[in-house]
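Below: the structure, in structure tokens.
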Amino acid sequence: MQDCLFCRIVRGEIPAAKVYEDDELLAFKDIQPQRPVHVLVIPKKHVTSLAHATPEDIPVFGKMLVVANQIAADQGSPEGFRSIINTGRVGGQEVMHVHMHIVGGQEPVGPMLKR
Ligand code: AMP
Ligand code: ZN
């Protein structure tokens with residue numbers, strides 16, 4: 001996807017504070033952190049949203065969940081974190097490339113995140 005912001009980060013055309021990378025995933029710090037730890041985990045392959053996911057995405061999306069705890073711990077949230085995937089207009093998705101927010105820190109994030 002030529003103009004997709006997160007595809008451009010994957011291609012290195014826009015800088016990002018990367019915290020994890022493998023063949024299929026990239027994780028980088030959110031540019032407007034809502035908590036002391038706020039990382040976005042994305043598939044390198046463009047998938048617009050969870051509403052566009054297909055069975056072939058299952059392994060990569062599964063891996064997103066599995067790597068989250070280590071990323072959170074490495075970034076300073078060793079006692080848990082919140083993971084959020086916003087989808088579509090109703091979900092409040094702003095960037096149309098699937099991304100999982102990992103938010104946390106030393107203190108509990110509370111019952112719900114305000115934006
Ligand atoms: P969402 O509302 O779930 O689509 O969240 C999009 C997130 O992307 C927001 O938390 C933004 O702060 C974040 N964001 C937007 N542009 C960038 C960027 N260039 N680098 C890192 N995070 C970004
Ligand atoms: Zn993309």
Side-chain angles (χ1 to χ4, degrees):
M1 288 288 278
Q2 213 57 26
D3 295 333
C4 169
L5 175 65
F6 288 173
C7 283
R8 296 190 71 190
I9 287 176
V10 169
R11 294 197 297 266
E13 296 169 7
I14 293 176
K18 296 179 186 177
V19 298
Y20 174 85
E21 183 167 14
D22 64 30
D23 289 351
E24 297 162 316
L25 299 178
L26 182 65
F28 50 91
K29 293 184 182 180
D30 195 291
I31 206 165
Q32 284 190 295
Q34 304 292 312
R35 289 292 186 278
V37 173
H38 189 168
V39 170
L40 303 176
V41 186
I42 68 170
K44 287 186 171 177
K45 174 195 158 194
H46 181 86
V47 179
T48 300
S49 81
L50 283 189
H52 300 76
T54 67
E56 78 175 33
D57 300 318
I58 290 171
V60 174
F61 286 8
K63 196 202 270 186
M64 282 173 64
L65 298 179
V66 171
V67 300
N69 188 59
Q70 192 60 54
I71 292 171
D74 289 347
Q75 292 302 306
S77 195
E79 296 180 61
F81 57 93
R82 180 165 296 157
S83 48
I84 304 165
I85 303 177
N86 296 321
T87 300
R89 179 180 68 84
V90 170
Q93 184 179 1
E94 292 174 357
V95 178
M96 292 298 158
H97 179 132
V98 168
H99 51 281
M100 180 172 72
H101 298 254
I102 296 175
V103 287
Q106 293 298 319
E107 302 302 322
V109 296
M112 201 51 111
L113 283 176
K114 284 189 181 156
R115 299 216 45 171

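Indexing begins at 1, ligand by ligand and atom by atom, following the structure's order. All values below come from the heavy atoms of this structure, side chains included, with hydrogens, waters and symmetry mates left out.
Under the 3.5 Å distance criterion, the side-chain polar atoms of E21 are left unmatched by any main-chain donor or acceptor of V19. Between the side chain of E24 and the backbone N or O of K45 there is no donor-acceptor pair closer than 3.5 Å. The main-chain N or O of P15 is never found under 3.5 Å from a side-chain atom of R8 such that the two would form a donor-acceptor pair. Side-chain atoms of K29 never come within 3.5 Å of backbone atoms of L40 as a donor-acceptor pair (strictly under, hydrogens ignored). Of the possible polar contacts, none joining the H99 side chain to the F6 backbone as a donor-acceptor pair under 3.5 Å is found.
For ligand 1, the atoms sitting less than 4.0 Å from at least one non-hydrogen atom of H101 are 1 (P), 3 (O), 5 (O), 7 (C), 10 (O), numbered in the order shown with element in parentheses. Atoms of ligand 1 found under 4.0 Å from any heavy atom of Q93 (numbered from 1 in listed order, with element): 4 (O). The L5 neighbourhood of ligand 1 comprises atoms 16 (N), with distances under 4.0 Å to a heavy atom of that residue. Close contacts between ligand 1 and E94 involve ligand atoms 1 (P), 2 (O), 4 (O) [criterion: under 4.0 Å to a heavy atom]. Atom numbering of ligand 1 starts at 1 in the shown order; those under 4.0 Å from a heavy atom of H99 are 1 (P), 3 (O), 4 (O), 5 (O), 6 (C). Near F6, meaning under 4.0 Å from any of its heavy atoms, are these atoms of ligand 1: 8 (O). Atoms of ligand 1 lying under 4.0 Å from any heavy atom of L40, numbered from 1 in the order shown and given with element: 8 (O), 13 (C), 22 (N). Under a 4.0 Å criterion applied to the non-hydrogen atoms of Q32, ligand 1 contributes the atoms 12 (O).
Residue contacts with ligand 1 for Q34 are absent, since no atom lies close enough (heavy atoms, distance under 4.0 Å). Residue contacts with ligand 1 for I85 are absent, since no atom lies close enough (heavy atoms, distance under 4.0 Å). If you look at N86 next to ligand 1, the close heavy atoms, those under 4.0 Å, all belong to the side chain.
A donor atom on one side chain and an acceptor atom on the other are found under 3.5 Å apart for Q70 and D74.
A 4.5 Å side-chain heavy-atom check between V10 and I42 finds at least one atom pair inside the cut-off.
At most 12 non-hydrogen atoms from other residues, nucleotides or ligands lie less than 6.0 angstrom from CD of E79.
Ring geometry, H101 versus H38: the interplanar angle falls from 30° to 60°, so the pair is classed tilted.
Residue contact annotation: K29 has a non-hydrogen atom under 4.0 Å from ligand 1. Remark: distances from the non-hydrogen atoms of G92 to ligand 1 include one below 4.0 Å.
Protein N/O/S atoms nearer than 2.8 Å to the Zn ion (ligand 2) total 4.
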Does the side chain to side chain contact (heavy atoms under 4.5 Å, CB included) test come out yes or no for H46 and T48, once each step is laid out?
-> CA-CA 6 Å; H46 181 86; T48 300; 3.1 Å; yes

Which is it for F81 and N69 under the side chain to side chain contact (heavy atoms under 4.5 Å, CB included) test, yes or no, and what are the steps along the way?
-> CA-CA 8 Å; F81 57 93; N69 188 59; 3.5 Å; yes

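In this structure, L25 and K44 approach most closely via the heavy-atom pair O-CE, 3.6 Å.
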